[in-house]
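As structure tokens, the structure follows; a few thoughts come after it.
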2 protein chains.
Amino acid sequence: MIRAEAADMPDDGAPKTPDRLRRRASRLLSQVSVRSDRLITEGLAQADARKWHYAALASLEEYGPGSQAELSRRTDIYRSDMVGVLNELAERDLVERMPDPDDRRRNIITISTRGRRHLRRLDKVLDDLHDELLAPLSPAERDQFVQLLTRLLDHHVRVS
Amino acid sequence: MIRAEAADMPDDGAPKTPDRLRRRASRLLSQVSVRSDRLITEGLAQADARKWHYAALASLEEYGPGSQAELSRRTDIYRSDMVGVLNELAERDLVERMPDPDDRRRNIITISTRGRRHLRRLDKVLDDLHDELLAPLSPAERDQFVQLLTRLLDHHVRVS
DNA sequence: CCGTTGCGTTAGTCCGACTAACGATGTACG
DNA sequence: CGTACATCGTTAGTCGGACTAACGCAACGG
């Protein structure tokens with residue numbers, strides 16, 4: 001059987017697959033990402049939070065206290081921005097900043113009890129938001145989606 | 001069988017799933033998207049092009065000539081930015097801008113022969129870049145990935 | 001005819017990612 | 001020891017992309 005070419009298109013070397021714009025993974029990725037970001041940002045705003053807050057708090061709870069620079073590495077927030085994020089968190093008494101006695105260049109950041117409580121709230125909020133984000137996918141598909149993204153990310157982190 | 005909890009974690013209400021930061025679809029999405037964007041942007045730069053150029057040209061070839069506003073809608077480039085993009089394309093003679101006789105508010109944008117040639121080049125460049133972007137995935141997985149993204153996008157476009 | 005809408009264009013805002021440089025401190029090594 | 005270099009937290013500032021506001025003009029609908 002002969003491979004079908006779009007019949008209504010003059011064969012001037014035009015693409016074999018129509019809709020290339022819509023199918024380009026890079027474009028899909030960026031468009032979905034923008035929407036995802038808006039959803040999350042707006043959702044978190046209603047809880048007086050920002051995504052960086054969640055990242056910092058979650059990192060503190062999961063991997064324990066750390067210096068600002070270390071937190072920065074864990075969360076991929078630039079250390080110059082981390083200052084502001086931690087200011088916001090400290091203002092709300094969600095974290096504690098104290099000088100490291102063993103290295104006076106460092107601050108040790110610790111999550112507070114309020115911080116843990118807040119984090120728990122944010123986790124719920126995010127669960128709901130992700131439910132909305134991934135609404136059209138079945139549980140299995142969601143897993144697959146996360147898996148594919150993870151593999152892509154790992155690959156590109158290694159390569160960089 | 002009893003549901004396993006992470007054994008090394010005191011049960012202070014901590015999340016049942018560790019690594020939540022890394023597994024959050026929204027975070028994965030944004031991180032992969034950033035990397036994808038960098039890859040594409042840098043790759044296209046080597047061909048003296050930007051992603052908007054590709055979007056505009058591809059839209060012109062696939063759906064035919066159109067006004068700037070229409071192009072804007074097709075490609076999701078803001079009409080205020082479209083001006084600049086079309087300037088860049090017109091400078092390079094990839095596109096022709098002419099007044100619409102039927103509606104003097106409009107410009108009709110047409111892709112030129114050079115434009116088609118350029119587009120073909122960009123398509124090749126992008127094919128290679130996507131190969132790099134999706135390197136860790138098998139062909140079937142790439143399709144699935146695109147499919148999942150498409151469904152997500154469609155859903156959120158409808159809802160908005 | 002007039003109010004509304006859509007057009008192309010300019011200018012400018014906003015925000016997030018990222019860089020540069022700082023003083024203070026720590027580390028390695030001759 | 002001393003001295004070169006690296007790392008820390010912080011401030012300031014750049015850059016680019018997404019988005020808004022407003023404009024003069026033209027078309028449309030009642």
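Just the heavy atoms: all of them, side chains too, but no hydrogens, waters or symmetry mates, feed the values below. Order of the sequence lines sets the chain letters (A, B, ...), proteins ahead of strands, with each chain counted from 1.
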Nearest-Å distance for atom pair CZ/C1', residues Arg38(A) and dC14(C): 14 Å
Residue Ala69(B), side-chain atoms from C-beta onward, closest of dT10(D), dG8(C), dC18(C): dG8(C)
Sole residue of Asp76(B), Asp37(B), Asp81(B) in salt bridge (Lys or Arg N to Asp or Glu O under 4.0 Å) with Lys51(B): Asp37(B)
For the student: nearest non-hydrogen atoms of Ala56(A) and Leu89(A), plus distance: CB-CD1, 3.9 Å
Euclidean distance, atom CD of residue Glu88(B) to atom P of dG16(D) [Å, nearest integer]: 12 Å
Distance in Å, Arg74(A) CZ paired with Glu62(A) CD, rounded so as to fall on 0.5 Å steps: 10.0 Å
Whole-Å gap separating P (dG8(C)) and CG (Leu71(B)): 9 Å
Atom-to-atom span, CG of Leu86(A) to P of dG9(D) - whole angstrom: 9 Å
Along DNA chain D (nearest heavy atom to each residue), the more 5'-positioned of Trp52(B) and Asp102(B): Trp52(B)
Toward the 5' end of DNA chain C, by each residue's nearest nucleotide, Gln68(B) or Val34(B): Gln68(B)
Most 5' of Pro101(A) and Glu70(B) on DNA chain C, judged by nearest nucleotide: Glu70(B)
For atom CG of Asn107(B) and atom P of dA26(D), their distance in whole Å: 13 Å
Whether Ser59(A) side chain and Leu71(A) backbone form a donor-acceptor pair below 3.5 Å: no
Interatomic distance where CZ belongs to Arg106(B) and P belongs to dA27(D) [whole Å]: 10 Å
Carboxylate-amine/guanidinium contact Arg24(A) Asp123(B), below 4.0 Å: yes
Rounded distance in Å - CD (Gln31(A)) to C1' (dC19(D)): 16 Å
Nearest heavy atoms of Pro136(A) and Leu152(B), plus distance in Å: CG-CD2, 3.7 Å
Between CD on residue Gln68(B) and CG on residue Asn107(B), distance to nearest 0.5 Å: 5.0 Å
Linked, directly or transitively: Tyr78(B) and Leu57(B) (ILVMFWY side chains, under 4.5 Å): no
Length of the CG-P vector between Asp76(B) and dG17(D), whole Å: 16 Å
Touch class at under 4.0 angstrom, heavy-atom based, for Arg35(A) against every strand present: nothing
Bend angle of the helix from dC1(C)-dG30(D) to dG30(C)-dC1(D), from helix axes over five pairs at each end, nearest 10°: 10°
Listed pairs, N/O of protein and of nucleotides 19-25 of chain C, under 3.5 Å:
{"from": "dT19(C)", "atom 1": "O4", "to": "Ser80(A)", "atom 2": "OG", "distance (Å)": "2.9"}

Spatial distance of atom NE2 (His155(B)) from atom CZ (Arg35(A)) [nearest 0.5 Å]: 12.0 Å
